[in-house]
*Asks:* 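Please read through the structure below; I'll follow up with questions.
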Amino acid sequence: MKMLSRKATFNSHGQDSEYFLGWEEYEKNAYHEVDNPSGIIQMGLAENQLSFDLLESWLAQNPDAAGFKRDGESIFRELALFQDYHGLPAFKKALVEFMSEIRGNKVSFDQNKLVLTAGATSANETLMFCLANSGEAFLLPTPYYPGFDRDLKWRTGVEIVPIQCSSSNGFQITESALEEAYQQAQKRNLKVKGVLITNPSNPLGTTTSRDELNLLVNFITAKGIHLISDEIYSGTVFDSPGFVSIMEVLMDRNYMNTEVWKRVHIVYSLSKDLGLPGFRVGAIYSNDVAVVSAATKMSSFGLVSSQTQYLLSVMLSDKKFTKNYVSENQKRLKQRHQMLISGLQNAGIDCLKSNAGLFCWVDMRHLLSSNTFEAEMELWKKILYDVRLNISPGSSCHCTEPGWFRVCFANMSEDTLNLALQRIKAFVDSLSTTNNNQSRHQSNKNQRRKSFTKWVFRLSFRDREASER
């Protein structure tokens with residue numbers, strides 16, 4: 001180990017988080033309906049498999065795109081040879097138009113302000129490198145995606161300071177929470193460079209309200225800092241209130257071409273909205289020319305292949321397909337979300353009211369043996385090893401309240417989700433039975449104790465009477 005760098009040996013990757021440990025256990029004993037029906041069901045993976053048939057159908061109807069042909073002629077050589085890191089113009093144009101479509105065409109995007117990256121992970125890290133030095137800080141509202149401890153901190157040296165949000169108002173961001181986080185950073189001698197949010201929220205599955213977005217704009221204006229809006233789930237909004245992009249808020253406030261306009265940046269990806277995490281397509285959108293320039297240079301460490309860009313440029317340019325896909329995908333997400341909510345309610349478990357994403361923020365506080373994070377870990381281990389479901393505990397998302405869990409629903413078949421719900425209900429029922437038995441046992445003990453006390457009292461009273469005679 002002495003031969004390696006501090007970066008290679010320093011334990012700041014976050015791999016020891018329960019979020020990643022659950023994945024490791026799943027991989028050792030993965031559920032399969034035929035080969036391993038008693039295995040662990042993966043409910044910790046925010047992956048969208050509900051509309052894959054629409055993608056496959058499009059590919060079957062457009063063989064030239066998948067075969068790297070244009071007008072029937074092969075362009076394999078053109079795509080296989082060297083491409084610079086600016087990306088294919090046709091793909092960048094198609095991507096910004098798709099981003100606008102998802103936002104109801106209320107905002108438009110300039111492809112020259114877009115930087116392609118190998119997924120949102122790369123996009124977020126690149127922005128950290130561009131906006132902050134090692135030892136400086138970004139504020140993040142809790143609970144937040146566990147992977148941010150890796151994506152934002154590990155290689156950059158940037159610190160995360162939590163904005164503590166609570167269930168009392170549905171984990172919404174407040175002015176007091178923002179100010180308190182800023183003050184905490186100052187107490188730690190950390191220079192705050194910005195705020196990063198996920199909208200829709202991962203892990204809450206809720207859209208950020210317009211009031212919250214305006215509050216954030218006011219805050220970064222007053223502090224002279226940046227705002228990163230990670231909007232990779234923007235196309236998954238399946239219920240009201242609708243999605244509001246930070247760019248829409250800035251335009252409504254006529255902030256174009258101001259200093260604040262240049263300090264707001266968007267992260268986007270096709271991993272969630274289009275269900276293509278394996279294609280590794282992410283993007284940074286910024287109104288700051290210097291950020292775009294620096295991020296473009298850095299993107300050479302994580303490029304999107306020319307073949308991927310070509311295929312997706314053709315797909316996203318098919319407006320009939322994209323319109324149908326977005327609409328149908330949202331319908332399917334809503335149905336699957338309702339299936340999970342109903343199944344959990346049948347087991348006596350509630351969720352935070354949500355309208356987006358590929359997961360629910362599930363309230364299991366009533367199942368804890370005590371109101372502690374130790375009890376949360378105890379419950380999580382039972383669910384992982386006994387119930388054989390991998391879900392993400394709230395503590396891995398830096399939630400301040402024990403007993404909350406992120407549960408994903410879009411990465412499996414209906415049959416698998418039904419099985420998972422059957423397992424969780426059987427588990428809750430067994431807890432109720434155990435608690436009832438313990439209650440009866442305790443009641444019997446109390447009854448015996450009362451009877452014994454009465455008997456001792458009667459015996460003492462008779463002895464006293466005898467002595468008095």
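Throughout, residue positions are numbered sequentially from 1 according to the sequence presented.
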*Asks:* So that I can tick it off, tell me whether Glu73 and Arg70 are bridged by a salt bridge, with the cut-off set at under 4.0 angstrom between side-chain N and carboxylate O.
*Replies:*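 No salt bridge links Arg70 with Glu73.
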*Asks:* How far does CG of Leu79 sit from CG of Leu88, to the nearest 0.5 angstrom?
*Replies:*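 These two atoms lie 7.0 Å from each other.
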*Asks:* Report the residue from Glu27, Gln42, Glu25 that forms a side chain to side chain contact (heavy atoms under 4.5 Å, CB included) with Asn390.
*Replies:*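 Among Glu27, Gln42, Glu25, the one that satisfies the side chain to side chain contact (heavy atoms under 4.5 Å, CB included) with Asn390 is Gln42.
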*Asks:* Would you indicate whether the side-chain heavy atoms of Asp230 and Tyr145 approach each other to under 4.5 Å?
*Replies:*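 Sidechains of Asp230 and Tyr145: no contact.
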*Asks:* With under 30° as parallel and over 60° as perpendicular, where do the rings of Phe321 and Trp58 fit, or are they tilted in between?
*Replies:*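 Because their plane-to-plane angle lies in the 30° to 60° range, the rings of Phe321 and Trp58 count as tilted.
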*Asks:* Please round to the nearest 0.5 Å and tell me the distance separating atom CD1 of Ile163 and atom CD1 of Ile197.
*Replies:*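 It comes to 9.0 Å.
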*Asks:* Do other residues, nucleotides or ligands put more than 12 heavy atoms under 6.0 Å from Glu328 CD?
*Replies:*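 Buried by this count: over 12 neighbours within 6.0 Å.
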*Asks:* Give me the ring orientation class for His398 and Tyr144: parallel if the planes are under 30° apart, tilted from 30 to 60°, perpendicular past 60°.
*Replies:*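 Taking Tyr144 first and then His398, their aromatic rings lie parallel (interplane angle under 30°).
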*Asks:* Only pairs at least two apart or in different chains count here, so list each ring-ring contact (aromatic ring centres under 6.0 Å, His included) that has a residue in residues 264-287.
*Replies:*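 Matches after skipping sequence neighbours: Phe109-Tyr285, His226-His265.
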*Asks:* Answer yes or no: are there more than 12 heavy-atom neighbours, outside Lys334 itself, under 6.0 Å from its atom NZ?
*Replies:*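 Open: at most 12 neighbouring heavy atoms sit under 6.0 Å from NZ of Lys334.
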*Asks:* Between Arg332 (side chain only) and Leu50 (backbone N and O only), is there a donor and an acceptor less than 3.5 Å apart?
*Replies:*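 Yes; judged by distance alone, with no hydrogens or angles, the pair exists.
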*Asks:* Can you check whether Leu196 reaches Leu139 side chain to side chain, under 4.5 Å on heavy atoms?
*Replies:*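 No; the side chains remain at least 4.5 Å from each other.
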*Asks:* For Lys381, look at atom NZ and say whether over 12 heavy atoms of other residues, nucleotides or ligands are found less than 6.0 Å away.
*Replies:*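 No, because the 6.0 Å sphere around NZ of Lys381 holds 12 heavy atoms or fewer from other groups.
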*Asks:* Check this for me, if you would: do Arg155 and Glu125 make a salt bridge, where the nitrogen-to-carboxylate-oxygen distance has to be below 4.0 angstrom?
*Replies:*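 Salt bridge between Arg155 and Glu125, a charged N being under 4.0 Å from a carboxylate O: yes.
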*Asks:* Does a side chain donor of either Arg253 or Asn218 reach within less than 3.5 Å of an acceptor in the other side chain?
*Replies:*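 On atom types as modelled, these side chains qualify, holding a pair under 3.5 Å.
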*Asks:* Can you confirm whether the side chains of Ser167 and Glu401 place a donor and an acceptor under 3.5 Å from each other?
*Replies:*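 Per modelled atom types, Ser167 and Glu401 side chains form a pair under 3.5 Å.
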*Asks:* Report the C-alpha distance between Glu97 and Lys93 in whole Å, list the side-chain angles of each, state the deciding distance to 0.1 Å, and finish with yes or no for salt bridge (charged side-chain N to carboxylate O under 4.0 Å, His left out).
*Replies:* CA-CA 6 Å; Glu97 288 177 353; Lys93 178 177 183 294; 2.8 Å; yes
*Asks:* Does atom NZ of Lys353 have more than 12 heavy-atom neighbours from other groups under 6.0 Å away?
*Replies:*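 Incorrect, the count does not exceed 12.
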*Asks:* For the CG atom of Leu178 and the CZ atom of Phe219, what is their distance to the nearest 0.5 Å?
*Replies:*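 Taking CG in Leu178 and CZ in Phe219, the distance rounds to 5.0 Å.
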